[in-house]
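Below: the structure, in structure tokens.
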Amino acid sequence: MNSPQIVETVADLRAVVRSWRNEGLRVAMVPTMGALHDGHISLTRLALERADRCVVSIFVNPTQFAPNEDLDKYPRQLAADLDRLAEAGVQLAYTPPATEMYPEGFAAKIIVGGPSAGLETDFRPTFFEGVATVVAKLLLQAAPDLAVFGEKDYQQLCVVKKLCRDLDIPVEIVAAPTVRDAEGLAMSSRNAYLSPAELGVARQLNRILRQAAEALRSGAGETETLSAARKQLLDAGFGTVDYVEARESLTLAPWRIDRHGRILAAVRLGGTRLIDNLEI
Ligand code: PAF
């Protein structure tokens, strides 16, 4: 088991990727904010199935957190993350300090539009600006052949695809299915915040979404189905339901029964916000 090489600067990252390219190797990137769990490891597995070398970035991106959010308490565990990357056979970890990503005077901001509208943006208005800006930087810094993003953050995946298409960033975006525990709870670094009692409630989220997705698939009315799902979520013990909505899979426009659809939800449980989504 070899530890991944670690680089902290754009120059060092580019030097390693250049040396791989000179050997004719195909390069994949998995952008993360660390606190790696099985979901992240499944992304690296997919990356290494599709490419010869994998670089994982670990950067808790301050620009995607609003002032009232959990930037300070977001789990940071670099040593454990590097062990997991070594087990997974990842060759390179890119761990830039904030000053490397956002040097003094940094002012650029990317607003993607399209699939960023609504859902998360209604509750976290500047979130996708932060994500799009850092993802564009990471992809331009590493210049991988492909980059893997999880379907767990489904709206983020759609925003990243649109970002790359609209800005002609020459990378293939690969979507990886959500990894769930035995009871269907989607893996998330924020699950670490949940108490044992809250975990029990959190595990109801995918069950309720699955029932709603099945109902929609078999032709039940959208308004009734989604408001029943909202009520079931509140009855299950979630404090707030930010949204539970059905959207068209590719554009995230309002869903129509003859289109591929996705049901997406965000809920709050104590101080923790959870999101999940399923195909309709
Ligand atoms: O999904 C995440 O962990 C982050 O939003 C990402 C894509 C690494 C950008 O900071």
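Order of appearance sets the numbers: ligands from 1, and atoms from 1 within every ligand. Quantities reported herein were computed from a predicted structural model and do not represent experimental measurements.
- Atoms of ligand 1 lying under 4.0 Å from at least one heavy atom of Gln156, given by number and element, are 1 (O), 2 (C), 4 (C), 5 (O), 7 (C).
- Using a 4.0 Å cut-off between charged nitrogen and carboxylate oxygen, Asp181 and Arg203 count as a salt-bridge pair.
- Atoms of ligand 1 lying under 4.0 Å from at least one heavy atom of Gln64, given by number and element, are 4 (C), 5 (O), 9 (C), 10 (O).
- Under the side-chain hydrogen bond (donor to acceptor under 3.5 Å, both in side chains) criterion, Arg180 pairs with Asp276, not counting sequence neighbours.
- Counting atoms of ligand 1 from 1 in the listed order, those under 4.0 Å from a heavy atom of Thr32 are 8 (C).
- Protein heavy atom closest to atom 3 (O) of ligand 1, with residue, atom name and distance, is Met33 CG, 3.6 Å.
- Salt bridge present: Arg190 and Asp70 bring a charged side-chain N and a carboxylate O closer than 4.0 Å.
- A cation-pi geometry, defined here as NZ or CZ lying under 6.0 Å from the six-membered ring centre and within 45° of its normal, holds between Arg262 and Tyr154.
- Taking every non-hydrogen atom of Val134 and a distance limit under 4.0 Å, the qualifying atoms of ligand 1 come out as 9 (C), 10 (O).
- The aromatic rings of Phe106 and Tyr102 stand perpendicular to each other, their planes meeting at an angle above 60°, with 30° marking the opposite boundary.
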